[in-house]
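Labels below follow one simple rule: chain letters A, B, ... track the order of the sequence lines, proteins then strands, and each chain is numbered from 1. Just so it is clear, the values below take in all heavy atoms, side chains as well, and ignore hydrogens, waters and symmetry mates.
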Amino acid sequence: GAGVSQSPSNKVTEKGKDVELRCDPISGHTALYWYRQSLGQGLEFLIYFQGNSAPDKSGLPSDRFSAERTGGSVSTLTIQRTQQEDSAVYLCASSLRGAGSYNSPLHFGNGTRLTVT
Amino acid sequence: SQKIEQNSEALNIQEGKTATLTCNYTNYSPAYLQWYRQDPGRGPVFLLLIRENEKEKRKERLKVTFDTTLKQSLFHITASQPADSATYLCALDMQGTGANNLFFGTGTRLTVIP
């Protein structure tokens, strides 16, 4: 199937280490989103890429978080010097045309469960 | 900024009944309003989208209404089944370019009791 793929599905890391989370969006989708979801909580917006525009980074919680999207396709979310409060499920989603476009809903991956010990 | 409230964190109903979930928002009405279903350990899955100028949308046992005067969307599941048990999220698409304009509610966990 050609859905959104995220890797790894689970990641356990020690406090202070850096981690990289990967997202392969659906081919041809111009928009890509990263969200964070803590246990039993809603979706927390992190960052939004739309085509070649500058990304909307307004949701990143601190400068330890960064993301890039290479060639308009694969995206990597990097968390430096991880803290225990970073433990959550990190979800990636892509859509054909992005927010504000009719009938362009989000397609989510199943997330990366990050545990910082 | 937009505030989104979904009724009660959890809703329990008997199998066969109609489940009604509520999504209320403040400020400006969105261009589109979307509903997603999320199962444990999985990412949300898109169900239905309704436009600002549409009153109602149906898909099989699902029905969504959108009242911009009340600033509310209702999501109905008729003849509910235990397999409908999941968390349901509404999302408001405020439309625009460049920045993210999609805002999610915190979700309602629905349990359909056999």
Where does [X] contact chain B at under 4.5 Å (heavy atoms): side chain, backbone, both or neither?
{"X": "A/Gln6", "result": "neither"}
{"X": "A/Leu91", "result": "side chain"}
{"X": "A/Tyr35", "result": "side chain"}

Q) In Å and rounded to the nearest 0.5 Å, what is the CG to OG distance from A/Leu21 to A/Ser9? A)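 It is 11.5 Å, given to the nearest 0.5 Å.
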Q) Any sub-3.5 Å donor-acceptor pair from B/Thr111's side-chain atoms to B/Asn12's backbone N or O? A)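 Pair absent, no side-chain N/O of B/Thr111 close to backbone of B/Asn12.
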Q. If only atom types and distance count, is the side chain of A/Lys17 paired as donor or acceptor with the main-chain N or O of A/Thr82 below 3.5 Å?
A.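 No, A/Lys17 side chain to A/Thr82 backbone: no donor-acceptor pair under 3.5 Å.
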(Q) For B/Tyr36, which atoms come within 4.5 Å of any heavy atom of chain A: side chain, backbone, both, or neither? (A)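 Answer is side chain: those atoms of B/Tyr36 sit under 4.5 Å from chain A.
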Q: Report the option among A/Val89, A/Ile47, A/Leu43 that has the most heavy-atom pairs separated by less than 4.5 Å from atoms of chain B.
A: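 Heavy-atom pairs under 4.5 Å are most numerous for A/Leu43.
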Q. A/Gln41, A/His107, A/Gln37, A/Arg113: which one forms the most heavy-atom pairs within less than 4.5 Å of chain B?
A.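 Most heavy-atom pairs within the cutoff with chain B belong to A/Gln37.
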Q. Between A/Ser95 and A/His29, is any side-chain donor less than 3.5 angstrom from a side-chain acceptor?
A.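 There is no such pair between these side chains.
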Q.
Could you check whether B/Gln34 and B/Tyr32, counting side-chain N and O atoms only, form a donor-acceptor pair closer than 3.5 Å?
A.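 No, B/Gln34 and B/Tyr32 have no side-chain donor paired with an acceptor closer than 3.5 Å.
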